[in-house]
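Atoms considered below: every heavy atom in the structure, side chains included; atoms not considered: hydrogens, waters and symmetry mates.
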Amino acid sequence: MSLSIVLSRSQEGVAAPQVMVEVHLSGGLPGTSIVGLPEAAVREARDRVRVAIQNTAFEYPNRRVTVNLAPADLPKDGGRFDLAIALGILAASGQVSRERLHDCEVFGELALSGELRGVQGILPALLKARDRGRRVIIPRANAAEAALLEEADICVADTLAEVTAWLSGQGELARPESRIDAAQVPVPDLIEVRGQQQARRALEIAATGGHHLLMHGPPGTGKTMLAERLPGILPAMGESEALEACAVRSVAGEPVDPARWRHRPFRAPHHTASAVALVGGGSRPQPGEISLAHNGVLFLDELPEFDRHVLEVLREPLESGRIVISRAARRAEFPAQFQLVAAMNPCPCGHAGDPDGSCRCTPDQIARYRARISGPLLDRIDLNVAVRRVPLAELTRAEADGEPSAQVRQRVVAAQHQALSRSGRVNAQLSGRELERDCALGPPERRWLEQTLDKLKLSARAYHRVLRVARTIADLDGAPGCVEREHLAEALQLRRSP
């Protein structure tokens, strides 16, 4: 039979749709054609595959070779189909056995020498193959990502010759090495922060409820230092969360560190980043910083220095937790369930409100500076906290005046466990109906909150966000019942605009 089928997968965002590589040999003038919406790198596979087969001591068929990548309406790109095409040609020409190819998925780019090169975005494909219970053959260059899936049936190879020997029963393929779970990888600790009790409290509330946080204050007061310590007090990611975050990095072509794969991502793009760099895009859609921060923290330092258009693209992902990128021929969806932490100065020179009185900015300059951040974006940020200058005597004091991250993290984990057992999600993600159920207010508290919101002229979105923050504060205070007035008052205090 001159027809063979080899299974592989394409890349579409963080999805990995199935692709059947069908190879048929027929009479006529010798030649190779690849059909099924192949892009340039896939069309060029016919030359790479031919030379690789010849350099592996096999004979390239002197017949008409037709390669169909099904489904035909799905665009295919990259070199990930090289190995599948080569094995399909060898199986169709009877040079290797096709028995072991049944229910097996194959990935890898071929060098002209027959060596296998790694491919980008392999982890989503491995997750899909694992769920289907299929064996997967990948290049050794992708073994670090494959090692994260201990229960998956994955084989690694260095060359086309190794794979063909395995298909013929003349050798065995290696397995990826077991992953390394390094529990004691050092992370920035809150014990290093002196003073800033209000900011530390806001950081703890943000970590517990998954709330977005904006810190404002003069330069050099520790805003960046505080933001870098947020991942250290967040609960550890579960395996499914960690694999989701690693899958996004795999699609983006970023290496996965086996020692830190369970650590929550911390992304801090420069304020010159474009909208595409932040949310993703391109003719072949790639994830941006908000997706690379999935299940972690996105830190935007010098928030007003970002282009206003760049900041506005954050509004929809902040609400939905995902981003959909549409192009003329492509549409890709990426997860973007990140926690936003931003920092800004109070004015262009950074010293407005400082006791030393060194600010010389005019009120008009300060107003224009703060107007670079739109009201709708600020409305989506739950916590606004001022970071004041710490006296020098407090900075130089020998003993620490705060708690270490491990101690704070224990409270965060315990309080978040209450929220998860109550509704199955962190408080920042509660829907309107869940808010009514989990944030029940007594008549006096409700009247007081309505009067306060009316006086402050806050929106309906702000009302719901205040309730969510108050619910988180109640959980931290060990009050699983009704939200009290003091919880609402602290939530409103933390919502003050900069």
Side-chain angles (χ1 to χ4, degrees), residues 4-11 16 19-25 30-63 65-70 75-98 100-101 104-123 125-126 129 135-146 154-168 170-171 173-174 176 250 253 284:
S4 66
I5 298 175
V6 183
L7 297 179
S8 188
R9 289 186 183 272
S10 183
Q11 179 186 324
V19 172
M20 298 176 63
V21 181
E22 304 170 333
V23 179
H24 183 259
L25 306 183
T32 303
S33 61
I34 301 178
V35 297
L37 275 187
E39 296 192 356
V42 183
R43 291 196 300 271
E44 293 167 354
R46 59 192 174 199
D47 298 316
R48 292 193 300 270
V49 167
R50 183 183 69 254
V51 178
I53 287 177
Q54 292 171 346
N55 286 332
T56 314
F58 287 100
E59 179 184 351
Y60 195 84
N62 194 26
R63 302 172 65 184
V65 180
T66 303
V67 180
N68 179 40
L69 305 177
K76 291 91 177 175
D77 53 24
R80 60 174 50 219
F81 303 109
D82 288 7
L83 181 58
I85 293 172
L87 295 179
I89 292 173
L90 293 175
S93 59
Q95 299 181 71
V96 299
S97 172
R98 67 184 74 194
R100 287 192 170 186
L101 283 175
C104 180
E105 298 188 10
V106 177
F107 305 90
E109 178 183 333
L110 281 172
L112 298 184
S113 62
E115 294 181 0
L116 291 178
R117 292 174 176 159
V119 297
Q120 186 173 319
I122 193 68
L123 192 53
L126 296 179
R135 174 172 290 176
V136 187
I137 301 174
I138 62 171
R140 190 174 296 276
N142 294 118
E145 294 177 54
I154 301 173
C155 301
V156 298
D158 291 304
T159 64
L160 174 61
E162 288 184 13
V163 181
T164 55
W166 174 76
L167 288 175
S168 302
Q170 299 174 0
L173 295 178
S250 176
R284 178 192 176 196

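- Put simply, the side chain of Leu167 reaches to within 4.5 Å of the side chain of Leu101, judged on heavy atoms.
- At least one side-chain heavy atom of Leu83 sits less than 4.5 Å from a side-chain heavy atom of Leu160.
- A donor-acceptor pair under 3.5 Å links the side-chain atoms of Arg80 to the main chain of Arg9, judged by distance alone.
- For the residue pair Pro75 and Glu39, the shortest heavy atom distance occurs at CB-OE2, 4.3 Å.
- Residue Asn68 holds its CG atom at 9.0 Å from CE of Met20, rounded to the nearest 0.5 Å.
- Note that CD of Glu115 is 10.0 Å distant from CD of Glu162, once rounded to the nearest 0.5 Å.
- Residues satisfying the side-chain hydrogen bond (donor to acceptor under 3.5 Å, both in side chains) criterion with Arg100, sequence neighbours excluded, are absent altogether.
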CA sep, side-chain torsions, deciding dist, call: Val106, Ser8, side chain to side chain contact (heavy atoms under 4.5 Å, CB included): CA-CA 5 Å; Val106 177; Ser8 188; 5.6 Å; no
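- Contact annotation: the side chain of Val119 approaches that of Asn142 to within less than 4.5 Å [non-hydrogen atoms, C-beta and beyond].
- In this structure, Pro176 and Val156 approach most closely via the heavy-atom pair CG-CG1, 4.1 Å.
- Atom CG of Leu112 is separated from atom CD of Gln54 by 10.5 Å, given to the nearest 0.5 angstrom.
- Listed by chain and number, the residues in a side-chain hydrogen bond (donor to acceptor under 3.5 Å, both in side chains) with Gln95 are Ser93 (sequence neighbours excluded).
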Chi angles and distances behind the side chain to side chain contact (heavy atoms under 4.5 Å, CB included) call for Val67, Phe81: CA-CA 11 Å; Val67 180; Phe81 303 109; over 6 Å; no
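- Between atom CD1 of residue Ile53 and atom CG of residue Leu90 there is a gap of 4.5 Å, rounded to the nearest 0.5 Å.
- For the pair Arg135 (side chain) and Cys104 (backbone), a donor-acceptor distance under 3.5 Å is absent.
- Between Phe58 and Ile89, every side-chain heavy-atom pair lies at or beyond the 4.5 Å cut-off.
- Leu116 has its side chain within reach of Leu110: a pair of non-hydrogen atoms, C-beta onward, lies under 4.5 Å apart.
- Closest approach of Leu87 to Val96, counting heavy atoms only: O-CG2, 4.4 Å.
- The distance from the CZ atom of Arg140 to the CG atom of Asp158 is 4.0 Å, given to the nearest 0.5 Å.
- For the pair Ile34/Ile85, a side-chain contact is recorded, criterion being any heavy-atom separation below 4.5 Å from C-beta on.
- Between Arg98 and Ala91, the closest heavy-atom pair is NH2-O, 2.7 Å.
- Contact annotation: the side chain of Thr159 never approaches that of Thr56 to less than 4.5 Å [non-hydrogen atoms, C-beta and beyond].
- Side-chain atoms of Lys76 and Val19, non-hydrogen and from C-beta on, do get closer than 4.5 Å to each other.
- Nearest heavy-atom pair across Ala41 and Gly78 is CB-N, 3.9 Å.
- Going from atom OH of Tyr60 over to atom CG of Asn55 covers 13.5 Å, rounded to the nearest 0.5 Å.
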